[in-house]
Amino acid sequence: LDRQHARFVRVDAPAIGDAVLYLEWRSGGPDGPVSRQRIWSFRVDADGVPRMDFYAFVDGAPWVGKADDPEAFGSLDAAALRGYGPQCALRWAPHAGGWRGAISADACTLTAASGRRMGIDATVTLAADGSLAYQESGRLESGAWAFRVPPGEPYRFEPVRDPARADP
């Protein structure tokens, strides 16, 4: 079992976009070691399709634990991130009362930070109840897996509700 505690927080990062989320995943629970950090930037493309560009940090250490600091991401710019490129932006569409964003290795190929060339498959599903499913994989030109996150069924993240808040 690969337990991940995830935070998906909207942040103000004007150099990256108008609708930006910071993702911070921790292994085992909310105080575990950081296992993944990403930036997701949402936009509408020239054809009117919602798209999501995703980025890895060159060095994520300065942003660890900063999701609740309203000024922490104000200076974040492209130099601090590794982008996957516009060909790898997930296309979003309504799905079963929620939304699904996806990209396939046929459309998204890149050279990873490791120097290996690979195709990326990624699917993110946001259900009507606020839960999120996530799966991403990279396949090398040889057909071998470069990575699979997670290696089996998609991660499923359930929202944690604050009982002190009135809104759902």
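Because the structure is predicted, anything quoted here is derived from the model rather than measured. We number each residue from 1, following the sequence as shown.
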#### Entry: Where Ala146 and Met118 come nearest, the two heavy atoms and their spacing
CB-CE, 3.5 Å
### Message
Would you say that Val58 contacts Leu81 through its side chain, given a criterion of any heavy-atom pair below 4.5 Å between the two side chains?
### Response
no
#### Entry: Heavy-atom pair with the smallest gap, counting every atom of Trp25 and Ala6
CD1-CB, 3.6 Å
### Task
Say whether Trp63 and Val20 are linked into one hydrophobic cluster, either directly or through other cluster members, by side-chain heavy-atom distances under 4.5 angstrom.
yes
#### Entry: For Trp99, all residues meeting ring pair (Phe, Tyr, Trp, His ring centres under 6.0 Å), sequence neighbours excluded
none
### Query
Mind checking what makes salt bridge (charged side-chain N to carboxylate O under 4.0 Å, His left out) contact with Arg139, not counting sequence neighbours?
none
### Query
Are Trp92 and Leu23 co-members of a hydrophobic cluster defined by side-chain heavy atoms under 4.5 Å apart?
yes
### Nearest non-hydrogen partners of Gln135 and Pro150, listed with the distance
NE2-O, 3.8 Å
### Message
Using side-chain heavy atoms (C-beta onward) and a distance below 4.5 Å, is Ser131 in contact with Phe157?
### Response
no
#### Entry: Non-hydrogen side-chain atoms of Trp40 and Tyr22 separated by less than 4.5 Å
no
### Message
Taking Val49's backbone N and O only, do any of them form a donor-acceptor pair with Asp47's side chain (distance below 3.5 Å, no angle check)?
### Response
no
### Message
By the salt bridge (charged side-chain N to carboxylate O under 4.0 Å, His left out) test, which pairs, at least two apart or in different chains, include something from residues 60-70?
### Response
Arg7-Asp68
### Message
Side-chain heavy atoms under 4.5 Å apart, restricted to Ile/Leu/Val/Met/Phe/Trp/Tyr: what other residues fall into the cluster of Trp145, or is it alone?
### Response
none
### Side-chain heavy atoms of Arg26 within contact of Val64, under 4.5 Å
yes
Let me check something: any side-chain donor-acceptor pairs from residues 100-111 under 3.5 Å, sequence neighbours excluded? List them with distances.
{"from": "Arg100", "atom 1": "NE", "to": "Thr125", "atom 2": "OG1", "distance (Å)": "2.9"}
{"from": "Arg100", "atom 1": "NH2", "to": "His95", "atom 2": "NE2", "distance (Å)": "3.3"}
{"from": "Arg100", "atom 1": "NH2", "to": "Thr125", "atom 2": "OG1", "distance (Å)": "3.4"}
{"from": "Ser104", "atom 1": "OG", "to": "Asp106", "atom 2": "N", "distance (Å)": "3.4"}
{"from": "Thr109", "atom 1": "OG1", "to": "Arg117", "atom 2": "NH2", "distance (Å)": "3.2"}
{"from": "Thr111", "atom 1": "OG1", "to": "Arg117", "atom 2": "NH1", "distance (Å)": "3.2"}

### Query
For Tyr84, what residues pass the ring pair (Phe, Tyr, Trp, His ring centres under 6.0 Å) criterion, not counting sequence neighbours?
Phe54
### Message
With heavy-atom distances below 4.5 Å as the criterion, would you say the side chains of Ser41 and Met52 are in contact?
### Response
no
### Query
Mind checking what makes salt bridge (charged side-chain N to carboxylate O under 4.0 Å, His left out) contact with Asp59, not counting sequence neighbours?
none
### Message
Can you give me the closest heavy-atom contact between Gln37 and Ala61, atom names plus distance?
### Response
OE1-N, 4.3 Å
#### Entry: Smallest separation among heavy atoms of Arg156 and Ala133, with atom names
NH1-CB, 3.1 Å
### Message
With rounding to the nearest 0.5 angstrom, report the CG to OG distance, Leu140 to Ser114.
### Response
8.0 Å
#### Entry: Cluster link Phe147 to Leu90, ILVMFWY, side chain under 4.5 Å
yes
### Query
Taking only residues two or more places apart in sequence or in another chain, which ones pass salt bridge (charged side-chain N to carboxylate O under 4.0 Å, His left out) with Arg82?
none
## Note on the structure
Taken to the nearest 0.5 Å, the spacing of Tyr134 OH from Thr123 OG1 works out to 10.0 Å
### Query
Can you pull the salt bridge (charged side-chain N to carboxylate O under 4.0 Å, His left out) pairs that have at least one residue in residues 32-42, sequence neighbours excluded?
Arg36-Glu136
### Query
Is the shortest heavy-atom distance from the side chain of Phe42 to the side chain of Leu21 under 4.5 Å?
yes
### Message
Applying salt bridge (charged side-chain N to carboxylate O under 4.0 Å, His left out), can you list everything that pairs with Asp121, at least two apart in sequence or on another chain?
### Response
none
Would you mind writing out the side-chain donor-acceptor pairs for residues 10-17 within the sub-3.5 Å range, not counting sequence neighbours?
{"from": "Arg10", "atom 1": "NH2", "to": "Asp18", "atom 2": "O", "distance (Å)": "2.9"}

### Message
To the nearest 0.5 Å, what is the distance between CZ on Arg91 and CZ on Arg51?
### Response
5.0 Å
### Query
For the hydrophobic clusters of this structure (ILVMFWY residues joined by side-chain heavy atoms under 4.5 Å, transitively), does one cluster hold both Phe57 and Val34?
no
### Summary
The complete set of disulfide bond (SG atoms under 2.5 Å apart) pairs with one or both residues in residues 120-149, sequence neighbours excluded, reads none
